[in-house]
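Order of listing sets the numbers, starting from 1, for every ligand and every atom in it. Reckoned from all heavy atoms, side chains included, excluding hydrogens, waters and symmetry mates.
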Amino acid sequence: MTEKKQSKKNSLARNIFIALVLAIIVGLLMQSQAEFLSTYIKPFGDIFLNLLKFIVTPIVLFSIIGGIISMKDIKKVGEVGGFTVIYYFLTTACAIIIGLSLANVFKKFFPVISTSDLTFEMTNEVSIMDTLVNIFPSNFIAPMVENNMLQIIVMSLIIGFSILMLEKTKQVKAIETIDILNDIFMKAMGLILKLSPIGVFCLLAPVIAANGPVIIGSLASVLLVAYLAYLLHALIVYSFTIKTLGGLNPIEFFKGMSSAMIFAFSSASSMGTLPINMKCCEELGADHDVTAFVLPLGATINMDGTAIYQGVCAVFIAACYGIDLSLGQMLTIVITSTLASIGTAGVPGSGMIMLAMVLQSVGLPVEGIALVAGVDRIFDMGRTVLNITGDASAAIINSNRLRKKGKIA
Ligand code: ASP
């Protein structure tokens with residue numbers, strides 16, 4: 001990433017943060033005019049939300065297809081690919097389960113906000129069996145019209161794998177087309193994200209005015225829960241896999257990874273951290289070819305930190321609206337967040353776009369994102385650290401496996 005681009009991203013993050021602070025100040029100062037804010041300011045926030053909902057479908061569709069296509073190397077790399085994808089899926093599922101469990105334990109510290117500004121009525125109770133059946137679309141257009149994220153994910157998976165099965169010349173054209181479409185919608189997403197400071201201010205100020213200081217303390221609590229879950233996942237899941245499958249002392253692993261982790265924390269970008277992550281892995285003894293395949297794949301499809309963030313935020317937002325998530329809904333979150341990993345680009349802020357999708361998949365209000373968007377960068381720094389550490393663990397484990405089998409030196 002060029003310095004200019006990086007500083008642009010940083011300035012957006014800074015502007016969003018400024019918007020959050022302004023919303024808090026204005027909201028607190030205008031508590032007596034909550035109705036005015038909700039009538040005249042909130043609609044501008046709604047415009048931002050509409051745009052967010054508009055862009056999430058094509059982003060999910062094309063980036064998941066793109067993610068599947070990028071796995072075409074799996075055929076070349078054979079067993080490494082299969083093992084790695086399964087490892088990525090399982091660890092992401094563990095991550096989201098840890099995130100959901102912790103968030104449920106600490107749920108009582110999340111406030112119920114009594115406001116007409118972000119009101120929402122739960123309409124669809126989802127059972128586990130319904131969830132299962134509803135994953136599969138019965139119509140090509142309906143999932144997109146209804147913004148049914150799970151079905152869109154399944155569509156993308158089917159289309160992605162079908163492209164991989166095309167004959168060579170057609171496949172090359174299809175991949176190029178998907179790449180172009182991906183780029184177009186990524187650009188559109190960038191444009192919409194530029195509006196996020198305005199969106200955050202216009203959505204949040206009315207809520208703060210109606211709720212007062214209680215909402216501010218709750219932001220600290222949800223951040224704390226997310227970081228606790230990040231830490232637990234690293235200490236439990238990665239330590240375990242690195243020790244048992246990677247044949248490496250976990251302390252040595254985390255020590256060796258520290259420079260990549262620090263870089264991920266400050267850049268909030270898995271893609272940006274890729275070169276330094278490769279260097280750390282190779283210094284820890286990972287094979288170069290394995291690393292060169294496993295890490296870019298991970299930066300595209302493996303996002304354990306993002307999955308935790310989505311689980312914690314979903315429970316937080318549900319709690320704010322006074323909604324108790326059912327077991328079926330939790331399961332839906334596990335499935336959607338795990339699959340959303342594929343669609344989350346390894347760049348700052350993309351996990352928040354995917355949060356819109358996770359919320360939609362269980363019928364929670366996308367408006368709730370406004371509650372956490374102002375501090376998204378703080379979530380993002382931690383989740384990116386976890387994202388790249390998970391990728392690195394796969395590089396170490398695969399190298400160890402192949403070495404044991406005598407396939408590499
Ligand atoms: N920033 C994260 C990454 O690059 C993705 C996200 O926003 O969750 O890994």
State the atoms of ligand 1, each with its element, that fall below the 4.0 Å cut-off from a heavy-atom position in Gly349. 7 (O)

Any donor-acceptor pair under 3.5 Å linking the side-chain atoms of Asn398 with those of Thr84? yes

One finds that the ligand 1 atoms under 4.0 Å from a non-hydrogen atom of Asn387 are 2 (C), 3 (C), 9 (O)

Paired with Phe379, the ring pair (Phe, Tyr, Trp, His ring centres under 6.0 Å) test is passed by just one of Tyr309, Tyr230, Tyr227, namely Tyr309

Identify whether the distance between the nearest side-chain nitrogen and carboxylate oxygen of Arg383 and Asp376 falls below 4.0 Å. yes

The atoms of ligand 1 lying under 4.0 Å from a heavy atom of Gly351, numbered in the order shown, are 6 (C), 7 (O), 8 (O)

Atom 1 (N) of ligand 1: which protein heavy atom is closest, and how many Å away? Asp380 OD1, 2.7 Å

Check ligand 1 against Arg383 and write out every atom of the ligand that is under 4.0 Å from a heavy-atom position of the residue. 6 (C), 7 (O), 8 (O)

Is ligand 1 under 4.0 Å from a heavy atom in the side chain of Ser350, in the backbone, in both, or in neither? both

Tell me whether the count of non-hydrogen atoms from other residues, nucleotides or ligands lying under 6.0 Å of CG in Leu90 goes above 12. yes

Below 4.0 angstrom from a heavy atom of Met303, which ligand 1 atoms are there? Numbered from 1 as shown, please. 9 (O)

In the protein, which heavy atom is nearest to atom 9 (O) of ligand 1, and how far is it? Ser270 OG, 2.3 Å

Enumerate the atoms of ligand 1 whose separation from the nearest heavy atom of Thr306 is less than 4.0 angstrom. 5 (C), 6 (C), 8 (O)

Against heavy atoms of Thr384, which atoms of ligand 1 measure under 4.0 Å? 1 (N), 2 (C), 3 (C), 4 (O), 9 (O)

Check ion pair Asp183-Lys187 (N to O, under 4.0 angstrom): no

Any N/O of Ala268 closer than 3.5 Å to an N/O of ligand 1? yes

Distance-only polar pair, side chains of Thr384 and Asp380, donor-acceptor under 3.5 Å: yes

Pairing residues for Lys107 by the salt bridge (Lys or Arg N to Asp or Glu O under 4.0 Å) criterion, not counting sequence neighbours: Asp324

All pairs passing salt bridge (charged side-chain N to carboxylate O under 4.0 Å, His left out) where residues 222-239 contributes a residue, at least two apart: none

Against heavy atoms of Ser269, which atoms of ligand 1 measure under 4.0 Å? 4 (O)

